[in-house]
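Right, one structure below, let's go through it.
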There are 2 protein chains.
Amino acid sequence: MGIQEEMNKSAKISKRSLESQAADLMREDIINGNLTPGTRLVETTLAKEYGLSRGTIRIALHQLGSEGLVTQVPYAGWSVTELNDQDLWELYTLRATLEGMAARLAAERICEEGAERLREAYQQLLALCKLGDLKAITRADLDLHKLIIELSSHSRLASQYQLVENQFLAYIAAANRDFEPESVGLSHAALVEAICEGESDRAEAEAIRNITGFEELR
Amino acid sequence: MGIQEEMNKSAKISKRSLESQAADLMREDIINGNLTPGTRLVETTLAKEYGLSRGTIRIALHQLGSEGLVTQVPYAGWSVTELNDQDLWELYTLRATLEGMAARLAAERICEEGAERLREAYQQLLALCKLGDLKAITRADLDLHKLIIELSSHSRLASQYQLVENQFLAYIAAANRDFEPESVGLSHAALVEAICEGESDRAEAEAIRNITGFEELR
DNA sequence: TTTGATATGATTGTCCTGCAATCGACAATG
DNA sequence: CATTGTCGATTGCAGGACAATCATATCAAA
């Protein structure tokens, strides 16, 4: 029918509920730009599409709503959230602050293994920058940032960051407004070094500079 | 039966859905300590209590789940979230960062009216501190902090801060672990002044100091 | 005693049907 | 033209039904 076919041969038994799986699928569609901001989402239509009941879809939509990806107007319907300039500014600033905090924490509790992983991720990014594949660069950049978040060992910070990033990605995908095209690799050098050497103040400052540096809104 | 009695004679016609109203009621119960961490929440029982259908309650529970106030284990049930030391540390650090960001933004865009409101809230807090009513002091303290958030004009920051605060309040109420009992008033003086004078760096630093200052975890 | 298998009850997961409430658009009316 | 009423679409919400899963108790076997 719709979802439940993959029994996940790989040991990891899929215990996810259909509700959250449906939310996952829709989230992907929004982030990838298959569903662009403003698109209306009708519960009954989605239910038929995914082969699920309306109640299940409803829960999934509420979930996405709490993540800021879809918007609900009472009795009228759901739609993919549209962002205005204020929203963009909020996402930028919030992301900068969160990433700064993550960099500080990561620097405070950096260990040898963490530093190794961080340097490796950075080298990977640097290598891809030379090749010029924009999609790959973007992914490697995101990986590097997410690794910093992981190294901060702060689950709430991680999930909050993920939320901001998702809203951001949905906007990027829809606006076809590609990431920073140039010199993303070099600008991260100082950040990685600061974290690896445990200099928390510098790490925080560098993280913030890296994000707010390339676009001035408002 | 359960909720919908108040027709809100004061012009403001209640447009909230029963789903979110139910979430509001439960949230209040958790924050006030009527529902302590670990308490099990059964959908059918709640439905009967509030006079609502199970589906409605389900949506409300998922909402509270996304706010971190209740926890769900699949097929087993819901319960009021219990926080461990790591969680407490996460909440403290996240709150400090968010409040620092808010103080910075507030200082950057402070206006005469905002400064007036801020000074007034601070004077109110100071006055209550002399009287010694702990509950009133706590409320005034929360009001002051929330005013700073409001002055930052950052809706996402505001809602994120609210989430952290709610989890925090739920813990406080349950643990009966009262807020900072002493000198809360004086410690905020520098913060208020920095914001009113537009000194964003100092405002951010003071805000962080005020939060992390009174308890060292981990 | 310990382990493992089985039965059982509680609770959620998911589906269904049905209807009321509300919104948006458009026609009718003055 | 402005107002009002109607109508279709969609969500809001209720209630019932059953499967899936978990937690626990129970019993059998080693």
Side-chain angles (χ1 to χ4, degrees), chain A residues 1-8 11-26 35 38-67 69-82, chain B residues 1-8 11-27 35 37-67 69-82:
Chain A
M1 275 208 183
I3 293 180
Q4 57 269 55
E5 49 263 27
E6 25 207 289
M7 262 308 104
N8 236 349
K12 209 164 196 179
I13 42 176
S14 136
K15 202 61 75 74
R16 323 268 337 268
S17 67
L18 296 184
E19 298 163 339
S20 55
Q21 289 184 59
D24 291 345
L25 289 186
M26 289 193 251
L35 293 175
T39 304
R40 295 206 50 191
L41 301 173
V42 178
E43 294 179 356
T44 54
T45 307
L46 290 172
K48 283 197 183 89
E49 273 181 33
Y50 289 105
L52 299 173
S53 93
R54 195 183 143 209
T56 304
I57 293 294
R58 225 174 128 68
I59 299 264
L61 282 174
H62 271 97
Q63 172 64 34
L64 294 182
S66 78
E67 296 177 14
L69 292 176
V70 303
T71 307
Q72 176 189 38
V73 309
Y75 290 100
W78 303 82
S79 57
V80 181
T81 303
E82 294 179 283
Chain B
M1 279 218 177
I3 294 180
Q4 57 266 57
E5 49 263 28
E6 25 207 289
M7 261 309 106
N8 238 347
K12 209 165 195 177
I13 43 176
S14 136
K15 199 62 77 68
R16 320 268 341 265
S17 66
L18 295 185
E19 296 161 347
S20 55
Q21 288 185 61
D24 290 346
L25 289 186
M26 289 193 248
R27 190 185 301 110
L35 293 174
T39 305
R40 294 205 49 190
L41 301 173
V42 178
E43 295 180 356
T44 54
T45 307
L46 290 172
K48 283 198 184 87
E49 274 182 32
Y50 288 104
L52 299 172
S53 96
R54 196 183 142 209
T56 304
I57 293 293
R58 227 175 126 67
I59 300 257
L61 282 174
H62 271 97
Q63 172 64 34
L64 295 182
S66 77
E67 296 177 12
L69 292 177
V70 303
T71 307
Q72 175 188 39
V73 309
Y75 290 101
W78 303 82
S79 57
V80 181
T81 302
E82 294 179 284

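Letters A, B, ... mirror the listed sequences (proteins, then strands); counts begin at 1.
Side-chain atoms of B:Thr71 and B:Ser79 form no donor-acceptor pair, as typed in the model, at a separation below 3.5 Å.
For D:dG12, one of the phosphate oxygens OP1 or OP2 lies less than 4.0 angstrom from a side-chain nitrogen or oxygen of A:Gln72. In terms of phosphate contacts, A:Thr56 brings no side-chain nitrogen or oxygen within less than 4.0 Å of OP1 or OP2 of C:dG13. At D:dG12, one or more side-chain N or O atoms of A:Arg58 fall inside 4.0 Å of OP1 or OP2 (strictly under the cut-off).
Ionic pairing of A:Arg58 and B:Glu19 is present here: one or more N-O contacts between side-chain nitrogen and carboxylate oxygen are shorter than 4.0 angstrom.
Between B:Ala76 and A:Glu43, the residue whose closest nucleotide on DNA chain D is further toward the 5' end is A:Glu43. Each of A:Pro74 and A:Ser20 lies near DNA chain C, and the nucleotide nearest A:Ser20 is the one positioned closer to the 5' end.
Picking from C:dA21, D:dC13, C:dC15 the nucleotide with the shortest atom distance to the side chain of A:Tyr75 gives C:dA21. When each of D:dA14, C:dT14, C:dT12 is scored by its nearest atom to the side-chain atoms of A:Ser17, the top-ranked nucleotide is C:dT14. Of all nucleotides listed (D:dC13, D:dT11, C:dT12), D:dC13 comes nearest to the side chain of B:Leu18. Of the candidate nucleotides D:dT10, C:dT11, C:dT14, C:dT14 has the atom nearest to the side chain of A:Ser53.
Counting distance only, with no hydrogens placed and no angle test, the side-chain atoms of B:Arg54 and the base atoms of D:dG16 include no donor-acceptor pair under 3.5 Å. Contact annotation: side chain of A:Arg16 to base of C:dG13, donor-acceptor pair absent below 3.5 Å.
Atoms OG and CD, from A:Ser20 and B:Gln72 in turn, are 8.5 Å apart once rounded to the nearest 0.5 Å.
Counting heavy atoms from C-beta outward, A:Ile57 and A:Thr44 have side chains that stay 4.5 Å or more apart.
With rounding to whole Å, A:Trp78 atom CH2 is found 17 Å from D:dA9 atom C1'. The separation between B:Tyr50 atom OH and D:dC13 atom P is 15 Å, rounded to whole Å. Between B:Gln63 atom CD and D:dG12 atom P the separation is 13 Å, expressed in whole Å. When the P atom of C:dA10 is taken as reference, atom CZ of B:Arg40 falls 12 Å away, rounded to whole Å. Atom CD of A:Glu19 and atom C1' of D:dA20 are 13 Å apart (whole Å). For the pair B:Ile57 CD1 and D:dG15 C1', the interatomic distance rounds to 14 Å; values are reported in whole Å.
Judged by distance alone, with hydrogens and angles left aside, the side-chain atoms of A:Gln21 form a donor-acceptor pair with the main-chain N or O of A:Arg16 at under 3.5 Å.
Residue contacts shown for B:Gly77 are limited to sugar-phosphate atoms, with no base heavy atom under 4.0 Å away. Residue-level contact check: B:Leu41 touches the backbone only, with heavy atoms under 4.0 Å from sugar-phosphate atoms and none from bases.
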